[in-house]
Engineer: 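Quick one: structure below, then a few questions.
As the structure is a computational prediction, the values presented were derived from the model and not from experiment. For ligands, and for the atoms within them, numbers begin at 1 and follow the listed sequence.
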Amino acid sequence: MKIDTEQIIYLDNAATTQLDDEVLAEMMPFYSVHYGNPSSIHTSGIKTRVAIEQARKSIASLLGVKPHTIIFTSGGTESNNLAVLAGIRDFGCASLITSKIEHPSVINASNYYTRHFGIGIKYVKLESDGSIDLEDFERLLEASSGNGKKCLVSLMHANNEIANITDISGIDSICKKYGAFFHSDCVQTIGHYPLNLDELGMDIATASAHKFHGPKGIGFLYVREGSSLKPLIWGGDQERKFRAGTENVSGIVGMAKAMRLFHERFERVQCQINDLKKYFIEQLKQNFPGLIINGGSSALYSVLSVSFPKEGLSENFLFQLDQNGICVSVGSACSGGNSHVMEELGRTQDYVTIRFSFSKYNTNDEINKVVETLIMMVNHKFQI
Ligand code: PLP
């Protein structure tokens, strides 16, 4: 069945979000009028250079940090790669502690760089809801520190699949106690919560614009003052030599606009999405006995991960939902839909998990349609 894209119910906002019209309007002149190369020293180039630096200032001030601590990159994946590489190569970390439920860009970069540089990698123990066992984390860190040995810790701020939010301050104070270098993948929280990165304490943090109604292919790495790293991508002097390549000017300008819009509207949007999510959970609980809501008590307001007892839904439930115009996902879009997170939490045997993720554009009517569709699916009313 061909779905009219206008009719799609899009509940996959943790994978990517719709570009805000106001963001697009802000970006357009940087395609059509102000297209000078920001490294050029003529008027057209200076115009775009100024736009980049204004965007940097604006993003930094909203995050409570200095502008030169923000390095623009192509997004979350590149930022995570650079963070892990820099921790090992540039900041002298002799081992790495991370978790098995990080985004693939942390897991795969960690596997590659620890092997390449011949350093050890350890994984923190997780509670059944996916949260980090802080006592185990401290034990691991203590064993990996001392005698001048520094450890790189890479733990995400919020999990993109099950939505649980990490106790960043708790992790950070343990990191400080043992002199560890702390990286946090904040792709699901920056642009979703008003954060002061300086106060949160991590040394290095990752963000991606397309997760908060900004454009794709742009993000940044926050690097605490005084930590100087070498690039992942070598070339010209852009981004103060930390990240070579002609800047994605329209993307940078769009990301700054998306961040400003988020800050202006955060309270209203969070309230709207919280109400929507609460309503959805009520509807699901009434209609699907035995389901499990993942992510523990502290979960992202924008994500609802639900494990349904397997007997209710057929193997191709994602396809069935898609055929009915409903876009959701199981795991990270980058993992092709398989979930290493649910496997790690031992929830793949008896359950099928669906990640519903919301934005300011979703409505209660859409939730009603999704619940109706799920009910029909469980009652095997669909002929595929
Ligand atoms: N980290 C997390 C937690 C994510 O959810 C994602 C995107 O799915 C990424 C990193 C990768 O970001 P990008 O798509 O900008 O490369």
Side-chain angles (χ1 to χ4, degrees), residues 10-19 23 59 70-85 98-112 126 130-132 153-166 168 171 183-193 195 197 200 202 204-222 232-233 243 245 248 251-252 254-255 258-259 294-295 299-305 327-342 344 353 355-359:
Y10 187 79
L11 292 180
D12 199 16
N13 291 280
T16 196
T17 54
Q18 182 183 334
L19 189 71
V23 172
I59 290 170
I70 301 293
I71 302 171
F72 294 125
T73 66
S74 65
T77 298
E78 183 188 328
S79 295
N80 281 339
N81 272 263
L82 178 53
V84 172
L85 173 64
T98 185
S99 85
K100 288 199 171 161
I101 61 169
E102 298 299 305
H103 186 266
S105 55
V106 167
I107 293 183
N108 293 332
S110 297
N111 287 339
Y112 177 73
L126 300 169
S131 59
I132 288 157
V153 171
S154 182
L155 293 170
M156 69 205 313
H157 193 182
N159 187 276
N160 49 308
E161 292 192 26
I162 51 169
N164 60 324
I165 301 180
T166 303
I168 283 288
I171 301 279
H183 162 241
S184 189
D185 175 348
C186 297
V187 164
Q188 295 291 342
T189 52
I190 290 180
H192 291 263
Y193 293 88
L195 300 178
L197 296 183
L200 278 177
M202 70 282 274
I204 197 158
T206 304
S208 178
H210 72 99
K211 307 289 184 177
F212 53 95
H213 303 290
K216 293 176 179 60
I218 187 71
F220 63 85
L221 192 65
Y222 156 73
L232 172 69
I233 294 172
R243 202 281 188 180
N248 174 355
I252 291 169
M255 175 163 63
M259 185 81 96
N294 299 304
L300 291 167
Y301 65 92
S302 51
V303 177
L304 175 61
S305 165
C327 300
V328 296
S329 58
V330 176
S332 151
C334 305
S335 316
N338 297 319
S339 174
H340 65 292
V341 176
M342 298 320 292
E344 188 55 33
T353 300
R355 177 185 72 177
F356 304 96
S357 46
F358 314 104
S359 83

Engineer: Within a distance under 4.0 Å of any heavy atom of Asn80, pick out the atoms of ligand 1 and give their elements.
Structural biologist: 1 (N), 10 (C)
Engineer: Donor-acceptor check, side chain of Tyr301 to backbone of Phe358, threshold 3.5 angstrom: yes or no?
Structural biologist: no
Engineer: At their closest point, which heavy atom of Tyr193 faces which heavy atom of Ile165, and how far apart are they?
Structural biologist: OH-CD1, 3.6 Å
Engineer: Could an N or O of ligand 1 be found under 3.5 Å from any N or O of Ser208, whether backbone or side chain?
Structural biologist: yes
Engineer: Looking only at atom types and distance, does a side-chain atom of Asn81 sit under 3.5 Å from a main-chain N or O of Leu232, one as donor and one as acceptor?
Structural biologist: no
Engineer: Below a 4.0 angstrom heavy-atom separation, can you tell me which part of Glu78, side chain or backbone, both or neither, approaches ligand 1?
Structural biologist: neither
Engineer: Evaluate Ala15 for polar contact with ligand 1, using N/O atom pairs at a separation under 3.5 Å.
Structural biologist: no
Engineer: Output the list of atoms in ligand 1 that are nearer than 4.0 Å to some heavy atom of Met156, sorted by atom number.
Structural biologist: 3 (C)
Engineer: Testing the basics here: between Asn80 and Ser105, what is the closest heavy-atom pair and its distance to 0.1 Å?
Structural biologist: ND2-OG, 3.0 Å
Engineer: If the cut-off is 4.0 Å to any non-hydrogen atom of Gly75, which atoms of ligand 1 fall inside it?
Structural biologist: 15 (O)
Engineer: Short question: side chain of Ser99, backbone of Ile101 - any donor-acceptor pair under 3.5 Å?
Structural biologist: yes
Engineer: Where do Phe220 and Ile190 land on the side chain to side chain contact (heavy atoms under 4.5 Å, CB included) test, with the steps shown first?
Structural biologist: CA-CA 10 Å; Phe220 63 85; Ile190 290 180; 4.0 Å; yes
Engineer: Mind checking whether Asp185 contacts ligand 1 via backbone (N, CA, C, O), side chain (CB onward), both or neither, at a 4.0 Å heavy-atom cut-off?
Structural biologist: side chain
Engineer: Side chain, backbone, both or neither: which applies to Lys211 and ligand 1 if a contact is any heavy-atom pair less than 4.0 Å apart?
Structural biologist: side chain
Engineer: Given the rule in the side chain to side chain contact (heavy atoms under 4.5 Å, CB included) test, do Asn159 and Gln188 qualify, once you have shown the distances and angles that lead to the verdict?
Structural biologist: CA-CA 7 Å; Asn159 187 276; Gln188 295 291 342; over 6 Å; no
Engineer: Does an N or O from Ser105, backbone or side chain, lie closer than 3.5 Å to an N or O of ligand 1?
Structural biologist: no
Engineer: Does ligand 1 have an atom that lies less than 4.0 angstrom from a heavy atom of Glu102?
Structural biologist: no
